[in-house]
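These notes concern the structure reproduced below.
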Amino acid sequence: MSLIVFNTLGNRKEPFEPLEEGKVRMYVCGVTVYDLCHLGHARANMVFDFIYRYLLHSGFDVTYVRNFTDIDDKIIKRANEEGVDFRVISERYIQAFYEDMGRLGLLSPTFEPKATEHIDGIIELVSRLIERGHAYVVDGDVYFAIDTFPDYGKLSGKNLEELEAGARVDVDERKRNPLDFALWKKSKPGEPSWESPWGPGRPGWHIECSVMSMKHLGDSFDIHGGGKDLVFPHHENEIAQSECATGKIFARYWIHNGFVNIDKEKMSKSLGNIFTIREILEKIHPEVLRFFFAGTHYRSPIDYSDRSIREAKAGLDRIYTFYDRFLRAEEKAPELKEEETASGSVEEEDETALLTLEERFRAAMDDDFNTAAAMGFLFDAIRRLNRYYREDPAQDPESSAFFLKGGEKVTSLLRVLGFLSDDPVSYFRYGIEGKLKEKGISLDRVLDMVREREEARKVKDFTRADAIRDTLKSWGIILEDTPSGTFWKFEEEG
RNA sequence: GGCGGCAUAGCCAAGUGGUAAGGCAGGGGCCUGCAAAGCCCUCAUUCCCCGGUUCGAAUCCGGGUGCCGCCUCCA
């Protein structure tokens with residue numbers, strides 16, 4: 001069993017063989033920090049979080065680099081609008097990025113370099129490209145000459161004639177080829193700039209990724225990732241400039257994630273359907289978003305809508321209900337985990353299903369990180385295990401032992417994908433303050449009512465108990481009576 | 001116009017040429033004071049259409065149709 005990944009370079013699945021055995025060097029294009037992160041960023045980063053976590057789980061020593069583009073036109077524009085230094089803008093959004101990604105439960109990459117911290121390296125790489133005849137200086141700007149790289153287009157599957165014919169950009173007369181791109185941009189007066197052999201200026205967009213990836217990962221490394229939209233021109237250009245500078249293969253496996261659509265439409269500023277991560281997290285638990293993303297293969301487009309989120313929440317609720325049962329069982333009868341399995345009360349089919357669970361999970365993940373299939377196996381296991389759950393383990397130790405042992409497996413695999421970072425109670429009450437406030441109800445009031453209802457039930461005053469339950473229901477609160485007490489949570493909503 | 005991708009139940013979605021995972025929603029039942037949660041049963045003789053290859057195709061090939069993405073800053 002070994003990992004297969006879909007490589008955009010070549011457009012097919014390939015066995016994954018790292019340059020150095022047991023070690024993976026991975027670079028993922030990060031964000032340009034000029035605004036808050038939206039759902040699309042959430043998906044891209046979540047997808048690579050799944051990949052990162054799975055590679056770690058598979059035993060690889062992973063060096064994961066994700067950059068910040070902290071100097072570019074949009075940042076400058078924003079800074080001008082606010083009348084502040086561009087660093088004020090970039091720092092602000094870098095902090096916001098950390099907050100958002102932290103809340104999404106993403107593991108931190110090994111390195112998170114910033115473009116402005118690598119200006120020397122950028123100048124050096126650009127100089128080398130000029131020396132080697134792959135770049136030329138025009139009036140303070142430096143361009144990469146794509147005609148000097150015969151492989152140009154190999155990633156995106158384009159050929160030069162088509163590209164030139166289809167070029168819609170305004171043709172800059174100073175470029176030798178309309179598709180030549182800027183490595184270094186001369187700065188206009190008042191713009192942030194760094195000294196360089198070609199005069200004051202700043203790096204072009206593509207060059208920073210080549211410099212930062214090679215600095216941390218070497219001239220050649222294993223995985224380079226990003227959103228599908230980066231294939232052309234960004235990644236194509238990175239390959240051109242990197243391979244021309246070093247004469248070596250740049251990244252070997254190119255992984256690109258699909259887009260997020262909103263109600264079947266592309267997210268765009270003009271449609272006004274861009275949701276920021278923090279806006280979404282006001283309403284829904286971060287893991288609901290994680291579950292939502294895990295449900296679709298990373299290369300496919302995914303459609304965000306009230307309905308799809310409601311369905312994702314329902315699915316994750318099921319997982320957390322199971323997790324809650326598992327924790328309770330573990331607390332009640334920890335010794336059962338040590339019990340020998342072979343027991344008459346467990347169906348052979350269920351026993352087998354649990355024994356092969358990890359294998360099936362791995363096979364799915366090994367097949368180009370198929371999280372959706374992996375989740376399917378986990379749900380199958382959860383359904384089977386729920387049959388063996390007993391409120392009182394002492395009544396049926398054999399079943400309970402099976403439930404506990406299976407639960408341990410299932411929860412550990414869920415954690416591989418970044419789930420179960422919360423405890424069940426706080427999961428089910430996520431956003432409680434905001435929700436109660438919206439309805440003008442205090443938490444104490446809810447707690448009192450739940451207590452009062454329990455009292456009423458004890459004395460079999462079911463009319464009173466049901467009345468209270470109905471009232472709570474009208475506030476969107478669902479009650480669950482269990483032998484160990486009454487539990488309450490919010491019902492599903494958008 | 002060029003390049004690429006996708007079309008699987010009411011919805012979401014996986015699917016390695018061998019006889020359609022899983023989730024959500026729905027229906028019936030068990031459990032429950034009643035519920036909720038959970039469990040059981042049920043829910044695509046069929047995978048956009050038409051041909052072909054094959055003993056056998058959702059999976060491969062050819063031709064349609066329909067969506068989508070990239071080619072311009074974009075995750």
Side-chain angles (χ1 to χ4, degrees), chain A residues 4 8 11 13 28-32 34 37-48 72-74 153 156-159 161-170 179 205 225-234 236 256-261 264-269 274 291-292 294-297 299-303 305 307-308 310-319 321-322 324-325 360 363-364 367 370-389 391 457 460-463 465-466 469-470 473 478-482 486-489 491-492:
Chain A
I4 305 277
T8 306
N11 235 259
K13 286 186 186 178
V28 175
C29 285
V31 290
T32 300
Y34 73 104
C37 286
H38 58 244
L39 249 192
H41 298 111
R43 184 182 196 194
N45 285 286
M46 191 76 84
V47 160
F48 287 100
D72 110 316
D73 292 350
K74 293 187 290 289
S156 52
K158 297 176 186 305
N159 69 58
E161 291 87 66
E162 283 162 3
L163 279 173
E164 283 167 34
R168 291 195 245 149
V169 267
D170 295 330
L179 293 166
W205 175 35
K228 253 191 166 77
D229 53 326
L230 297 181
V231 174
F232 189 89
H234 186 51
E236 194 71 71
H256 294 97
N257 65 276
F259 270 39
V260 179
N261 291 130
K264 315 249 183 208
E265 282 187 299
K266 183 179 171 165
M267 266 201 299
S268 78
K269 291 213 162 135
I274 293 187
F291 184 90
F292 169 65
T296 298
H297 185 89
R299 277 187 282 121
S300 302
I302 191 169
D303 190 52
S305 64
R307 181 172 185 161
S308 60
R310 210 180 310 124
E311 289 184 2
K313 181 172 184 309
L316 189 62
D317 279 0
R318 189 165 154 78
I319 286 174
T321 298
F322 172 79
D324 184 43
R325 289 175 153 201
R360 287 178 292 142
D367 184 9
N370 194 337
T371 50
M375 292 304 289
F377 295 136
L378 294 176
F379 268 107
D380 178 65
I382 286 173
R383 192 189 65 250
R384 288 174 192 281
L385 289 169
N386 272 149
R387 294 182 196 144
Y388 297 91
Y389 176 71
E391 275 293 335
R457 287 184 71 231
K460 303 230 187 287
D461 180 358
F462 296 123
T463 316
D466 290 351
R469 186 170 59 198
D470 289 345
K473 176 93 163 62
I478 301 278
L479 298 179
E480 238 174 87
D481 297 323
T482 72
T486 296
F487 178 73
W488 61 273
K489 65 181 184 184
E491 71 183 323
E492 276 98 61

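In what follows, chains carry the letters A, B, and so on, assigned in the order in which the sequence lines appear, proteins first and then strands, with residues in each chain numbered from 1. Keep in mind that this is a model prediction, so the values were computed, not measured.
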For the atom pair [atom1] ([X]) and [atom2] ([Y]), what is the distance rounded to the nearest 0.5 Å?
| X | Y | atom1 | atom2 | value |
| --- | --- | --- | --- | --- |
| A:Glu311 | A:Leu316 | CD | CG | 13.5 Å |
| A:Lys13 | A:Asp367 | NZ | CG | 3.5 Å |
| A:Met375 | A:Ile382 | CE | CD1 | 7.5 Å |
| A:Lys489 | A:Thr321 | NZ | OG1 | 5.0 Å |
| A:Phe487 | A:Leu479 | CZ | CG | 10.5 Å |

Quick check for you: among [options], whose closest atom lies nearest to any side-chain atom of [X]?
| X | options | value |
| --- | --- | --- |
| A:Asp481 | B:rG33, B:rC74, B:rC11 | B:rG33 |
| A:Glu311 | B:rA36, B:rA75, B:rC12 | B:rC12 |
| A:Phe232 | B:rA75, B:rC71, B:rC24 | B:rC71 |
| A:Lys266 | B:rG69, B:rA13, B:rG4 | B:rG69 |
| A:Lys264 | B:rG33, B:rC74, B:rC12 | B:rC12 |

For [X] and [N], what is the distance between atoms [atom1] and [atom2] respectively, to the nearest whole Å?
| X | N | atom1 | atom2 | result |
| --- | --- | --- | --- | --- |
| A:Asp73 | B:rU72 | CG | P | 16 Å |
| A:Phe487 | B:rA37 | CZ | P | 12 Å |
| A:His297 | B:rC12 | NE2 | C1' | 16 Å |
| A:Ile319 | B:rC24 | CD1 | C1' | 13 Å |
| A:Phe377 | B:rA13 | CZ | P | 18 Å |
| A:Trp205 | B:rC73 | CH2 | P | 7 Å |
| A:His256 | B:rC68 | NE2 | C1' | 18 Å |
| A:Asn261 | B:rC68 | CG | P | 9 Å |

OP1 or OP2 of B:rC3 versus the side-chain N and O atoms of A:Asn11: is any pair under 4.0 Å?
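So the side-chain polar atoms of A:Asn11 never come under 4.0 Å of the phosphate oxygens OP1 or OP2 of B:rC3.
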Could you work out the separation of [N] and [M] based on their [atom1] atoms and round it to a whole Å?
| N | M | atom1 | answer |
| --- | --- | --- | --- |
| B:rC39 | B:rU53 | P | 47 Å |
| B:rG10 | B:rU42 | C1' | 15 Å |
| B:rA57 | B:rG62 | C1' | 15 Å |
| B:rC67 | B:rA36 | C1' | 41 Å |
| B:rA9 | B:rC43 | C1' | 8 Å |
| B:rC41 | B:rG5 | P | 40 Å |
| B:rG56 | B:rU45 | C1' | 16 Å |
| B:rC24 | B:rA75 | P | 34 Å |

Residue pair A:Thr482/A:Asp380 against RNA chain B: nearer the 5' end by closest nucleotide is A:Asp380
Kindly write out the residues that satisfy side chain to side chain contact (heavy atoms under 4.5 Å, CB included) with A:His297, not counting sequence neighbours, or none if the list is empty.
A:Arg299, A:Ser300, A:Asp368, A:Asn370
Would you please name every residue forming a side chain to side chain contact (heavy atoms under 4.5 Å, CB included) with A:Thr8, sequence neighbours left out?
A:Leu155, A:Val231, A:Trp254, A:His256
Taking any heavy-atom pair under 4.0 Å as a contact, classify [X]: base, sugar-phosphate, or nothing.
| X | result |
| --- | --- |
| A:His234 | nothing |
| A:Thr296 | sugar-phosphate |
| A:Leu39 | nothing |
| A:Gly376 | base |
| A:Asn370 | sugar-phosphate |
| A:Val47 | nothing |

Face-to-face stacking of A:Phe379 with B:rG22, centres under 5.5 angstrom, angle under 30°
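Stacking is absent between B:rG22 and A:Phe379, given that the ring centres and planes do not meet under 5.5 Å and under 30°.
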Measure from the ring centre of A:Phe259 to the centre of the six-membered ring in the base of B:rA75, then say whether that distance is under 5.5 Å and the planes meet at under 30°.
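Yes; by the centre-distance and plane-angle rule, A:Phe259 counts as stacking on B:rA75.
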Which residues pass the side-chain hydrogen bond (donor to acceptor under 3.5 Å, both in side chains) test with A:Lys473, not counting sequence neighbours?
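A:Lys473 satisfies side-chain hydrogen bond (donor to acceptor under 3.5 Å, both in side chains) with no other residue.
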By side-chain hydrogen bond (donor to acceptor under 3.5 Å, both in side chains) - contacts of A:Ser308 (at least two apart)
A:Ser305
For nucleotides 16-20 of chain B, print each protein N/O atom paired with a nucleotide N/O atom at under 3.5 Å, atom names and distance only.
none

4.5 Å side-chain heavy-atom contact, A:Arg325 and A:Leu385
no
For nucleotides 38-41 of chain B, which of its nitrogen or oxygen atoms have a protein nitrogen or oxygen under 3.5 Å away, and what is each distance?
unit_1, atom_1, unit_2, atom_2, d
B:rG38, O4', A:Arg325, NH2, 3.3
B:rG38, O3', A:Asn386, OD1, 3.1
B:rG38, O2', A:Arg325, NH1, 3.4
B:rC39, OP1, A:Arg318, NH2, 3.4
B:rC39, OP1, A:Asn386, OD1, 3.4
B:rC39, OP2, A:Arg318, NH1, 3.1
B:rC39, O3', A:Arg387, NE, 3.2
B:rC40, OP1, A:Arg387, NE, 2.6
B:rC40, OP1, A:Arg387, NH2, 2.4

Can you list the stems that RNA chain B is part of, where a stem is at least 3 pairs in a row, each Watson-Crick or G-U, with both distances below 3.5 Å?
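When the pairs of RNA chain B are grouped into runs of at least three, the stems are B:1-7 with B:65-71, B:10-12 with B:22-24, B:26-30 with B:38-42, B:48-52 with B:60-64.
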Counterpart residues, ring-ring contact (aromatic ring centres under 6.0 Å, His included), relative to [X] (two or more places apart):
| X | result |
| --- | --- |
| A:Phe377 | none |
| A:Trp205 | A:His234 |
| A:Phe48 | none |
| A:Tyr34 | none |

Between the protein and nucleotides 58-60 of chain B, list the N/O to N/O atom pairs that are separated by less than 3.5 angstrom.
none

Over all heavy atoms of both residues, which pair between A:Phe259 and A:Arg43 is shortest? Give the atoms and the distance, please.
O-NH1, 3.2 Å
Is a donor-acceptor pair below 3.5 Å formed from side chain A:Arg469 to base B:rA35, judging by atom type as modelled?
yes
